[in-house]
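First comes the structure, then the notes that go with it.
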2 protein chains.
Amino acid sequence: MRKKTRALSDEALSLVARRFAILSEPMRLRLLHSLVNGEKSVNTLVESTGGTQANVSRHLQTLADAGLVKRRKEGLQVFYSVADPSIFDLCELVCGSLEKQLAQRASIFG
Amino acid sequence: MRKKTRALSDEALSLVARRFAILSEPMRLRLLHSLVNGEKSVNTLVESTGGTQANVSRHLQTLADAGLVKRRKEGLQVFYSVADPSIFDLCELVCGSLEKQLAQRASIFG
DNA sequence: TGACTATATGCGCAATGACGCATGTAGTTG
DNA sequence: CAACTACATGCGTCATTGCGCATATAGTCA
């Protein structure tokens with residue numbers, strides 16, 4: 001081994017960045033959160049998130065393309081479910097970090 | 001408690017999304033990776049990442065605004081260091097998830 | 001003060017992505 | 001087949017953001 005940590009390959013970096021980008025949209029986070037207790041149909045998700053049908057569908061497509069959710073068709077309806085539970089670990093880590101930051105800021109201001 | 005998980009507030013959702021957005025840029029990930037072993041000056045980071053000075057500076061600004069890195073000025077130079085090590089946990093989680101996905105795809109095709 | 005170095009920033013361009021609207025497609029039921 | 005439902009998608013628009021270029025600022029040294 002020459003360099004212990006050689007320059008990260010552009011591809012690897014792009015993959016990781018892309019994964020974070022998928023999670024950088026409030027509506028997609030909302031959808032994932034709605035799916036935390038199991039699969040739901042698109043219509044159910046539309047109602048629980050308050051988004052338009054078109055927008056919800058597109059975001060679900062994005063999540064599915066990234067492999068974060070799974071699609072299951074049953075008759076007229078399509079059910080989506082979380083394919084990669086590690087997403088929630090990610091969100092918890094971020095939330096914890098944000099809480100720490102807010103707590104610090106709060107202590108600064110009083 | 002009425003609803004165990006009430007609709008996530010827009011503000012909270014935006015904060016989390018914003019945090020993910022910060023991490024969704026390859027150059028910023030590269031910068032953070034360069035900082036894994038301790039603080040570095042902007043010039044050092046320019047060299048180790050291969051970016052332009054202006055671009056590196058701006059990305060560092062973005063990371064600093066988000067509270068992910070700390071700024072320390074010493075004479076002419078400015079040293080940046082990781083302020084929130086949980087970032088690396090995030091990246092490892094994502095990498096692990098991506099590896100799993102790739103392994104699955106590989107097994108499908110071969 | 002003036003020259004030099006290290007870093008930051010204003011500006012313009014190009015690419016990306018989210019959204020709404022309308023429409024397309026698949027499946028069900030009569 | 002026609003009508004209906006659930007979902008997907010093409011298109012146009014708008015806002016955001018990354019980048020390069022040039023320039024500004026801050027600190028050092030002669």
Side-chain angles (χ1 to χ4, degrees), chain A residues 8 10-11 13-35 39-81 83, chain B residues 8 10-11 13-35 39-81 83:
Chain A
L8 291 179
D10 288 0
E11 309 100 75
L13 231 37
S14 292
L15 279 177
V16 177
R18 178 66 190 156
R19 170 63 53 99
F20 281 126
I22 299 287
L23 298 172
S24 70
E25 281 299 322
M27 177 55 86
R28 283 200 284 271
L29 293 178
R30 202 185 291 277
L31 285 168
L32 290 171
H33 184 254
S34 286
L35 291 174
E39 69 173 13
K40 288 207 175 73
S41 72
V42 176
N43 229 332
T44 307
L45 289 168
V46 168
E47 288 168 7
S48 68
T49 61
T52 66
Q53 184 269 321
N55 205 28
V56 166
S57 178
R58 238 187 298 259
H59 280 304
L60 287 170
Q61 191 70 30
T62 301
L63 289 169
D65 288 347
L68 298 187
V69 301
K70 273 185 294 194
R71 239 180 79 108
R72 184 175 70 82
K73 197 163 188 176
E74 181 179 324
L76 266 180
Q77 305 187 34
V78 174
F79 293 89
Y80 284 91
S81 59
Chain B
L8 292 178
D10 289 359
E11 309 99 76
L13 231 37
S14 293
L15 279 177
V16 177
R18 179 66 191 153
R19 169 64 53 101
F20 281 126
I22 298 287
L23 297 172
S24 71
E25 282 298 324
M27 177 56 87
R28 284 198 285 271
L29 293 178
R30 201 184 292 276
L31 285 168
L32 290 172
H33 184 254
S34 286
L35 291 174
E39 70 173 13
K40 290 207 173 74
S41 72
V42 176
N43 229 330
T44 306
L45 289 168
V46 168
E47 289 168 7
S48 69
T49 61
T52 66
Q53 185 270 322
N55 204 28
V56 166
S57 177
R58 239 188 296 260
H59 279 304
L60 288 170
Q61 191 70 28
T62 302
L63 290 168
D65 288 347
L68 298 187
V69 301
K70 275 184 293 196
R71 241 181 78 110
R72 184 176 70 83
K73 198 162 186 176
E74 182 179 323
L76 267 180
Q77 305 187 34
V78 175
F79 292 89
Y80 284 91
S81 59

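From a predicted model like this one, the values you see are computed outputs, not experimental measurements. Convention: sequence-line order gives letters A, B, ...; per-chain numbering from 1.
- A:L45 is listed as a side-chain neighbour of A:L35, based on a closest heavy-atom distance under 4.5 Å.
- Distance from the side chain of A:L76 is smallest for C:dT28 among the nucleotides C:dT7, D:dC7, C:dT28.
- Dashed line: the shortest gap from a side-chain N or O of B:H59 to OP1 or OP2 of D:dT17 is not under 4.0 Å.
- Atom CG of residue B:L68 and atom CG of residue B:L31 lie 11.5 Å apart, to the nearest 0.5 angstrom.
- A sub-4.0 Å separation between OP1 or OP2 of D:dA8 and a side-chain N or O of A:R71 is present.
- Between the P atom of C:dA22 and the CG atom of A:N55 lies a distance of 16 Å, rounded to the nearest Å.
- Whole-Å rounding puts the A:E47 CD to D:dA6 P distance at 10 Å.
- With the nearest nucleotide of DNA chain C identified for both B:N43 and A:R28, B:N43 has the one nearer the 5' end.
- Side-chain atoms of A:R58 stay outside donor-acceptor range of the base of C:dG17, with no qualifying N/O pair under 3.5 Å.
- Distance, A:E74 CD to C:dG27 P: 13 Å, rounded to whole Å.
- Relative to the side chain of B:K73, the nucleotides C:dT9, C:dA22, D:dG27 differ in distance, and D:dG27 lies closest.
- Per the geometry, CG belonging to A:L60 stands 13 Å off P belonging to C:dA18, to the nearest Å.
- One can place CG of B:L31 at 15 Å from C1' of C:dA8, the figure rounded to the nearest angstrom.
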TODO: Go through B:L32 and B:L23 one step at a time and tell me if the side-chain contact (heavy atoms from CB on, under 4.5 Å) criterion holds.
DONE: CA-CA 9 Å; B:L32 290 172; B:L23 297 172; 3.6 Å; yes
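- Proximity note for B:A54 (side chain, C-beta onward) versus C:dT9, D:dA8, C:dA8: the nearest is C:dT9.
- Across every non-hydrogen atom of A:A83 and A:G67, the tightest pair is CB-O, 3.6 Å.
- Of the candidates C:dA6, C:dA8, C:dG20, the closest approach to any side-chain atom of B:V42 belongs to C:dA8.
- Within 4.0 Å (heavy atoms only), A:Y80 reaches sugar-phosphate atoms of the nucleic acid but no base atom.
- For A:S24 and B:S24, the side-chain atoms include no donor-acceptor pair closer than 3.5 Å.
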Polar pairs (N or O, both sides) under 3.5 Å between protein and nucleotides 13-16 of chain C?
none

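- For the atom pair CZ (B:R28) and CD1 (B:I22), the distance works out to 5.5 Å, reported to the nearest 0.5 Å.
- Donor-acceptor pairing under 3.5 Å, judged by distance alone, is absent between the side chain of A:E25 and the base of C:dA18.
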- [ ] Output, in order, the C-alpha distance, side-chain angles, deciding distance and verdict of side-chain contact (heavy atoms from CB on, under 4.5 Å) for B:Y80 and B:L63.
- [x] CA-CA 10 Å; B:Y80 284 91; B:L63 290 168; over 6 Å; no
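- Separating the CZ atom of A:R72 from the C1' atom of D:dC7 is a distance of 15 Å, rounded to the nearest angstrom.
- Look at A:Q61 and you'll find a side-chain N or O under 4.0 angstrom from OP1 or OP2 of D:dT9.
- A:S57 comes within 4.0 angstrom of a base, heavy atoms only.
- The base of C:dA6 has none of its N or O atoms less than 3.5 Å from a complementary donor or acceptor on the side chain of B:Q53.
- Using a distance-only test at 3.5 Å, with no hydrogens or angles considered, no donor-acceptor pair links the side chain of A:S57 to the main chain of A:Q53.
- Counting to the nearest Å, the C1' atom of C:dA8 and the CG atom of B:D65 are 12 Å from each other.
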